[in-house]
Each structure stands twice: as C-alpha cells, then as structure tokens.
Amino acid sequence: MNADITVGLDGTPESLAAADWAAREARARGAKLRLLHAWVLLEAEGAPGDSRTGIPEEDRNHWAKKTVTDAEHLLAEAYPGLPLSTELVAADPESALLDAARECALLVLGSQGLGRTASYLLGAVALRVVARSAAPAVLVRAEPAGGSASVPHAGPADASAPSPGPGAGDLSARPDGLSGPGDPDRPGGKDPTGRSTPAVLVGVSPYEPPATEVLDFAFATADRHSAPVHAVHVRQLPVPIYAQGDPAVAPALVEKALNGSREQLRTVLAPWRDRYPRVPVRETVRPGSAARILVGESAGARLLVVGRGRHPARLRPRLGHVVQAVAHHAPCPLAVVPHD
C-alpha cells in the first residue's frame, strides 16, 4: 500500500465533488491523486472500433477518456502543482475500485442525495465498495444544483465540502478555489472572520477495545487541517432505567449511566490527546439512537469518521445499521475506516 489517494470517477456531479475533496486532502497530505474510471466495455488501444457507433477507431473510448481528462484539467487548474495521474480500467467499477483500495492510502467516492427520498439513491456500488475496501473510504456528496449548500460552513475553500457554484460539483465555477475567503486550512484553523474550523466528528464506543485505526484516522485528519475532534458516544441506557417507564422520571439513574460513560470515554481518548497535543477535543455522551445522534451532530462537521470490522461475523452484514444509516443521511463527508 502506498500513500496515494484514489478517487473513482463516473462523470457525475457527485464524482466531481469527490475529486475536489480528494484533491484538497491530497494537498494536505502531500500525496499524489489518482483519478480512476472503470468501464467493463473499455477497448484496448488499437482494438477495432464499432462502425455502428459512428465513432472513429481512435475515439472508441472517447467518453471514458473525457471523464478523466476533464476532471484532470479542472483539478490541475484549481490545484496547481498537485501530482495527478489518470487510469482507465477495463473492469466493472466495483472490482476496479476494490483492487485500487488495496494499493492506496485512501479511497474517495461520490455519494448521491440528501433527505428522506434522495438518500435512497446512494449507489449500491459505492456502498458495497465501502463495505469491503481494504483502505479507509470516504463518501462525498455534491451540493444540490442551484440550491443552498448541503453542509453548513461550506465555502470556496472549505476542504470538507464540495465546491459551490451554479451546478453541483462544478469545479470550473471555482478556478481560484484555494484563494477564496473562509479557508479553514489556514494557520490557526480559523477563517478571516474568526469562525472556528468545523470539527472532525468521530463515533466512539468506549466499552469495547478501542478501534485504534478509527481514532488514528480522525486525529491525524484533524491535526492536518488544524481542526478540533468531536468524539461522540451514544449510551444505551440500562434495562432498569427503562423499567421505570419514561427515562425522564429517573434522571438520577440516567445521569449516573452517562457519567460512567463520560469517564470511560476520557480514558479511551487519553492516548490520542497525548499524541496530538495541538488538537482540541470535545467529548459528547448522549443516550438514544446512535444513528440518529451521529447524523444530527454531523451537520456542520468537516468529516464524520466511523469504523467497520475488517472481518465481520459470518452471518453479520459487512456494514452495521449505524454505518448504513449515516452513509445515507449524514450531510457531511463520511469516512468509513476498517479496523481489526
């Protein structure tokens, strides 16, 4: 595995938004960005053309090439000096992306839709790839065309958000993407108005062995972008509290359970606080639904980081219900990090 970042392209606004996000992350890491497009019908160079298409032999792969070259030109203009490479793969997208994930440090994909209806449009291929990727995988949404930003704080230089403009994921509308106001990557993690940098939100379960890969990813990302970490644990209340009826009638029991979880969370995070002394850390422990609370807390976040077991039980789905829920509904970019 190398330190490169790979982004999957298919020509959609979502994949362009993913390419924009990946370029900013590659710049922050000092990494190379690989633009990959897979098409199972891709012809080898010099293969006979199909006369029925009316496309000359040398342009048989015209649209596949255009997908990567257009993105390459836009990124080269927006991010001068960023090392870029392109690759066309004659394979189905799922296989090509999984193969790429074995060779890179980070895989970035576009993610469709927001809201109760559009959320179901999340591509099945993207979800399957995220569930099996050997590398951490990030899902990035495009801004709705002609609408308001889907992520609060998104601006022309917000590294966590797709570039704004008249069309979703339209990089050409922002050729000066690194020079606009409101860049949270500037020293100090604040924009010119003094607004705080959006946090890296990470879901933590302090009662299980710590998923070191997940916390490493969250803290390293926050450190690179001079951002804080917001660690969230959602506490399942003990049965005796539910036996009281409405938990509101047993506030002392609820608070006792939450205090225990807060202490556990502080203990789990202590090694990362020591390792990343420049990263401010906020801790939140709340009772309720983990999926609902993480989705709610993710509004305005730079990135939501969650984990998935690298080797799930035989009869268990590769992605748990919480990860699936936030993949469909979280408004900010989502990183799914495999862990042992």
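No experiment lies behind these values; they were computed from the predicted model shown.
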What are the two closest heavy atoms between [X] and [Y], and how far apart are they?
X	Y	value
V234	P287	CG1-C, 4.3 Å
C104	A135	O-CB, 3.6 Å
A218	V229	O-CG2, 4.0 Å
A301	L201	CB-CB, 4.2 Å
A291	V326	O-CG1, 4.3 Å
R302	A227	NE-CB, 3.9 Å

So, the side chain of [X] versus the backbone of [Y]: is there a donor-acceptor pair under 3.5 Å, distance only?
X	Y	value
H233	V204	yes
S226	A222	no
Q324	L319	yes
R141	A330	yes
S133	P136	no
T12	S15	yes
D92	S95	yes
R29	T221	no

With heavy-atom distances below 4.5 Å as the criterion, would you say the side chains of [X] and [Y] are in contact?
X	Y	answer
H230	T284	yes
R308	V337	no
V108	T6	no
V129	L107	yes
Y79	D20	yes
L75	L33	yes
V322	V306	no
L109	L97	yes

[atom1] of [X] to [atom2] of [Y]: how many Å apart, nearest 0.5 Å?
X	Y	atom1	atom2	value
E263	L265	CD	CG	10.0 Å
L139	H328	CG	NE2	10.0 Å
L106	D4	CG	CG	11.0 Å
D99	E103	CG	CD	7.0 Å
E77	L82	CD	CG	14.0 Å
E25	L303	CD	CG	8.0 Å

(request) State plainly whether the residues E283 and R273 are in salt-bridge range, i.e. N to O under 4.0 Å. (result) yes

(message) Taking the basic N atoms (NZ, or NE/NH1/NH2) and the acidic carboxylate oxygens, is any pair closer than 4.0 Å for R310 and D340?
(response) yes

(message) Under the rule for salt bridge (charged side-chain N to carboxylate O under 4.0 Å, His left out), what residues qualify as partners of K32, not counting sequence neighbours?
(response) none

(message) side-chain contact (heavy atoms from CB on, under 4.5 Å) for L215 and V268? Distances and angles first, verdict last.
(response) CA-CA 10 Å; L215 290 173; V268 167; 4.1 Å; yes

(message) We want to know whether D216 and W272 form a side-chain donor-acceptor pair, criterion being a heavy-atom distance below 3.5 angstrom.
(response) yes

(message) Side chains of S261 and R235: any donor to acceptor distance under 3.5 Å?
(response) yes

(message) Let's go through L98 and R128 carefully: what are the C-alpha distance in whole Å and the side-chain angles of both, what is the deciding distance for side-chain contact (heavy atoms from CB on, under 4.5 Å) to 0.1 Å, and is it a yes or a no?
(response) CA-CA 9 Å; L98 289 173; R128 291 197 299 268; over 6 Å; no

(message) Working note: W39 + N61, criterion side-chain contact (heavy atoms from CB on, under 4.5 Å); need CA distance, chi angles, decisive distance, verdict.
(response) CA-CA 9 Å; W39 184 36; N61 299 326; 4.0 Å; yes

(message) According to ring-ring contact (aromatic ring centres under 6.0 Å, His included), who are the partners of H37, at least two apart in sequence or on a separate chain?
(response) none

(request) Run through V68, T86, L36 and flag the one making a side-chain contact (heavy atoms from CB on, under 4.5 Å) with L9. (result) V68

(message) Evaluate L35 against E72 for side-chain contact (heavy atoms from CB on, under 4.5 Å), listing each step before the verdict.
(response) CA-CA 8 Å; L35 311 178; E72 182 183 24; 3.9 Å; yes

(request) Answer yes or no: does atom CZ of R292 have more than 12 heavy-atom neighbours from other residues, nucleotides or ligands under 6.0 Å? (result) no

(message) Is the positively charged end of R24 above the ring of W21, judged by distance under 6.0 angstrom from the centroid and angle within 45° of the axis?
(response) no

